[in-house]
2 protein chains.
Amino acid sequence: MTTLSAVEPRRVRRATMGDVARLAGVSIKTVSRVVNDEPGVHPATAARVVACIEQLGFRRHLGARDLRRGSSSKTIGLVLEDVANPFSSVLTRAVEEAARARGWHVLTGSSDAQPSRERELAVEFCARRVDGLLVVPAGGQHGYLAAEMRTGTPVVFLDRPAGDVVADTVLVDNAGGTAAAVRHLHAHGHRRIAFLGDAPQIFTAAERLRGFREGCARAGLGWDDELVVMGPHDAPGAARALARVCGGERPATAVIAGNNRITVHVLRALAGAAARPALVGFDDFELADLVDPPVTVLAHDTAAMGRAAMELLFARLDGDSGPPRRVVLPVRLVPRGSGELPCR
Amino acid sequence: MTTLSAVEPRRVRRATMGDVARLAGVSIKTVSRVVNDEPGVHPATAARVVACIEQLGFRRHLGARDLRRGSSSKTIGLVLEDVANPFSSVLTRAVEEAARARGWHVLTGSSDAQPSRERELAVEFCARRVDGLLVVPAGGQHGYLAAEMRTGTPVVFLDRPAGDVVADTVLVDNAGGTAAAVRHLHAHGHRRIAFLGDAPQIFTAAERLRGFREGCARAGLGWDDELVVMGPHDAPGAARALARVCGGERPATAVIAGNNRITVHVLRALAGAAARPALVGFDDFELADLVDPPVTVLAHDTAAMGRAAMELLFARLDGDSGPPRRVVLPVRLVPRGSGELPCR
DNA sequence: TCGACCGCGGACAACGTTGTCATGGTGGCG
DNA sequence: CGCCACCATGACAACGTTGTCCGCGGTCGA
């Protein structure tokens, strides 16, 4: 083993300014000056120090620096539901980009929709002294963040409002979106419109259902419980729900899918079918234009959501202490074909 | 302004152990002991300290703790090309999951395929004392990481090998994949097979081209430059390339798309066409089964790639100092229809 | 010639935390 | 009563860095 270490001198400890100083024959402070481009160092000395830095592979310890300076780490924490899904990853990218514009970095984590994990992540990030927190809520209890918010860590909630705390929030116009879809389908002659949504405990699902209800009322369509299926939709669940609303004696001629997962499941269930109901899906998704017929969707700008959240966050960091703000981003209907099918 | 601060007592400084200690009438060390669940604190004292911690919203400063302990931050840095694309985000999730299993966290950043940004991110992460670095290379020069690697920060490269540095690497069997696609198409009667690939400077593109070449040779197909189009493919570019290889007097009857972006562009270009060439796309993508006909792809397990990288990384952190390892993950052909179209 | 000033460099403390060691008090036991 | 063990607690240094202040030697103007 002595042989090994002789052959390949693997150092275990990273070089510090002290090591550099010793090697260069100067004081630690002089090294610090060189590293920070501070004036008052003789060029020759600086050159020697730089050489020693290279030789030792020295890299300054930002944690120690931040500690000493009392300055922030220029990091923001982002608690997502699942980075792997497109909504989260596009959001992450937008947040990262906004952070980068200020020279900041992003610490991410996925809660997997579990409140306990959301909390673990948020608390951990705070302990690591992030300067701000962006949270896509998994749970409905956010009191645990009150202390952080009071002590100066701004928090912005995304996609869903926080539970027991008033804070900056960015949402999309869920209710307005589904209402517009109903109006659109009604204009194309549909009178029996079904809604397949997520579990109503989920904020977005409840809002979308509310919009559906309001849209139906405004269009003068009577309410029919048979046309609404809320709840967890896996592939077979979606197929059953679809069969239910499109079967029977007064079948739906149009379907609104409550989110992109459900939309995809509906498309799979519809794949072999002869007669197709008109379809409008909430959330846009890649390749929606490539299936046959292309899918009409309720689209919203996920990246804009990330940017809006970062604007709110930076405003707080810049000293804004006004009352919490709520930003609601528009949802627009993108007609591609599936939502314009006539009432058969 | 005095009014404001009186109405809403927003403290600017986060409470420290010192603050808690003063409030509780104990020493800092006692607070530390309580926070760390160390023995030797009288229950009554501990209770008082806990109460003060709650009251002040104290959260211990992990940076200071790591500094003092000389311990690591239990963070790994992940340099991606773009979190927003599915490959990156699925990778991120897998990495995050593997990290979580050990109680670690992940710092991510997107290089946007720019070597300078890759480097900035990697260096920044090192300065923040990540314990390990996962890099999807954007550039071909990685000498700047040699110092880090020598000083004990393990680095694993993903999807593409590093430039001028030997290090642990996880790849997929690019060449084997395209060779298999050629074999598959040949077995279905195709003799004129085209390859639309990315710019050959890109490692994966070059490898896939190599596999295509080898596959053709092994199948006894003569080489025809007309059937290969490498280079940047935006939507119109892909359409042009497709028109070129499928036009002329000896048109291709089958097309291999070099990555999922190109596959999608080809599908869009093909959308209205009457006669379709057979199609095999490298990389799987969501909804590949929903277009008509469903798309046959060369699939690989992105999450497995992240897990493999984390295994290599943790092995290094656990003291493995063997020679750098290269893991090559399999690529398998998933027949869905488009690759099984007969030679018209 | 003297004082003022500048350029260069170092000593020291401090950021918030934890490891090491010391201290004072209490109880048991011979 | 004397001794020791043990418990609860505190004082202090140190992690790596930077801000503040100070000193030394030289130059310049009066």
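Labels below follow one simple rule: chain letters A, B, ... track the order of the sequence lines, proteins then strands, and each chain is numbered from 1.
Between the side chains of A:R128 and B:S73, no donor N or O sits under 3.5 Å from an acceptor N or O. No hydrogens or angles considered: nothing links the side chains of B:E96 and B:H105 as a donor-acceptor pair under 3.5 Å.
Contacts between residues 25-34 of chain A and DNA chain D, defined by a heavy-atom separation below 4.0 Å, involve A:I28, A:K29, A:S32, listed by number.
Heavy-atom distances to DNA chain D give each of A:E38 and A:A64 a nearest nucleotide, and the one nearer the 5′ end belongs to A:A64. Residues A:R65 and B:R68 both approach DNA chain D. Their nearest nucleotides, taken by heavy-atom distance, put B:R68 toward the 5′ side.
Under the 4.0 Å criterion applied to side-chain N and carboxylate O atoms, B:R325 and B:D320 are assigned as salt-bridge partners. A salt bridge is absent between B:K74 and B:D131; no separation between the charged side-chain nitrogens and carboxylate oxygens falls under 4.0 Å. Salt bridge annotation for B:R13-B:D19: present, with a cationic side-chain nitrogen under 4.0 angstrom from a carboxylate oxygen.
Contacts of A:G70 with the nucleic acid, taken as non-hydrogen atoms under 4.0 Å apart, are absent. No contact: A:D66 has no heavy atom under 4.0 Å from any strand.
For the pair A:H42 NE2 and D:dC24 C1', the computed distance is 16 Å after rounding to whole Å.
Contact detail for A:M305 and A:L158: the closest heavy-atom pair is CE-C, 3.7 Å.
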* Where do A:R117 and B:E97 land on the salt bridge (Lys or Arg N to Asp or Glu O under 4.0 Å) test, with the steps shown first? -> CA-CA 12 Å; A:R117 276 179 70 173; B:E97 216 51 34; 3.8 Å; yes
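Taking 4.0 Å as the cutoff to heavy atoms of chain A, we find the contact window on DNA chain C bounded by C:dC8 to C:dG16.
Side-chain N or O atoms of B:H142 include none that pairs as donor or acceptor with a backbone N or O of B:L145 at under 3.5 Å.
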